[in-house]
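Values below: every heavy atom of this structure, side chains too, minus hydrogens, waters and symmetry copies. Given the structure is predicted, the values throughout are model-derived calculations rather than measurements.
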There are 2 protein chains.
Amino acid sequence: MGRTSDAGERILAAARSLIELRGYSALGVAEICKAAGVPKGSFYYFYASKEALVLAVIDEHWASQERSWRRILDGEAEPLQRLRRVFEETTATQSAGQQSCGTISGCLFGNLTLEMSNQTEAIRGRLQEIFDAQIDLVEAVIVEALARGEVTVGDTREAARSVVAQLEGHVLFAKLYNDTERLGPLWANCLALLGARTPAEV
Amino acid sequence: MGRTSDAGERILAAARSLIELRGYSALGVAEICKAAGVPKGSFYYFYASKEALVLAVIDEHWASQERSWRRILDGEAEPLQRLRRVFEETTATQSAGQQSCGTISGCLFGNLTLEMSNQTEAIRGRLQEIFDAQIDLVEAVIVEALARGEVTVGDTREAARSVVAQLEGHVLFAKLYNDTERLGPLWANCLALLGARTPAEV
């Protein structure tokens, strides 16, 4: 065991890896501590419960993904091209995960939504906030594209939800078939959903 | 406990309900048997393992859903209207589940894909077969619509995958927000994905 000050971080990192591989319910505190190289007795010094730990994993993952999405979506490129880069970033992230552990782990938030959202309201609420924030970021870009006459959506909020929903649906298939090729249609589908089927840059 | 001949059926029904509520990993054989009103010792008379039981739950659910989808998709209505009815049927099924147990349980196959596909190859394989079969059914309708000049897709297989992927994505959101309104955009999005944005019947 390393320094005590690292132990909380190591528990968090071990939990993140294990949850990506096997979900939340399949894990026990003892297994997380073993993977972290931390005595089981110290777990509750850092986290009040397994639920508190998964909320910390969710928050850490979103902090990282939000930085990445904001870097792209608040950037200087044409609005629709920024959406395209989010899909490219998603594909690159899933490919990197597949190369490091052999299987595509999918979207942590989608995985926990389907596994856990009906089981704890705290997790459901946090995941709702995250997807709402993702949809906010996508909607802002759609509003920009609409002002430029590049899309023809009637309801920008619903359009943003649909873009994120199709992203989750294709990531689900990428995980099931363990194949990032399943993410190939994301960009063309996004254009279709936004009524921007044939922009000059495609 | 009722007649022994019913016990296997009751285990299956209890497992189906519990898996819909809480996923697979969170369940134990003892809990399933308790819910089924069957002595724990008899479980292995009917199922070799918990995995064998979940495969039976998956098969039973798909047998039922496949009948429902075939009834609609092999029917007499216009091709795109048949797809619309699948979305209506999905919405009705999720609403009925919400009314009976308070929360939307989502798609059993999507739930198990994100929870389990990386954990057992038997479950991954079965879920792949089911989604392939769903995509077959949807593709056949798209091929019909294409022959009638009602859609403009280049690759009918990829289009069918995208229709099913967006269905899974919106069902994920319906579960997360416990709100069937989230399924509202399915039909308009399907038309957009198929390049059939403004048919006369919309």
Exactly one candidate in B/Thr113, B/Leu176, B/Leu114 meets side-chain contact (heavy atoms from CB on, under 4.5 Å) with A/Leu114; the answer is B/Leu114
So how far is it from B/Leu193 CG to A/Leu191 CG, rounded to the nearest 0.5 Å?
11.0 Å
Other residues, nucleotides, ligands: >12 heavy atoms within 6.0 Å of A/Arg85 CZ
no
Okay, B/Ile135 and chain A: the region with an atom under 4.5 Å from a heavy atom over there is side chain
Among B/Ala165, B/Pro185, B/Ser25, B/Gly23, who wins on heavy-atom pairs under 4.5 Å with chain A?
B/Ala165
Are the side chains of B/Gln128 and A/Asn178 in contact, using a 4.5 Å heavy-atom criterion?
no
Honestly, the part of B/Gln119 sitting under 4.5 Å from a heavy atom of chain A is side chain
Under 3.5 Å: donor-acceptor pair, side chain of A/Lys175, backbone of B/Ser117:
no
Could you measure the distance from the CD atom of B/Glu115 to the CZ atom of A/Arg22? Nearest 0.5 Å is fine.
11.0 Å
B/Leu127 versus chain A, the contacting section by heavy-atom distance below 4.5 Å:
both
Partner chain B: residue of A/Leu167, A/Val164, A/Leu172 with the largest heavy-atom pair count (under 4.5 Å)
A/Leu172
Okay, B/Ile104 and chain A: the region with an atom under 4.5 Å from a heavy atom over there is backbone
Chain B interface, residue from A/Gly184, A/Ser105, A/Gly110 that has the most non-hydrogen pairs under 4.5 Å:
A/Gly110
Taking side chain as everything from C-beta outward and backbone as N, CA, C, O, which of these in B/Phe173 sits under 4.5 Å from a heavy atom of chain A? Side chain, backbone, both or neither.
side chain
With a 4.5 angstrom heavy-atom cut-off, could you sort out which part of A/Leu21 is near chain B: side chain, backbone, both or neither?
backbone
B/Arg161 versus chain A, the contacting section by heavy-atom distance below 4.5 Å
both
Is there side-chain contact between A/Glu168 and B/Val171, with heavy atoms separated by less than 4.5 Å?
no
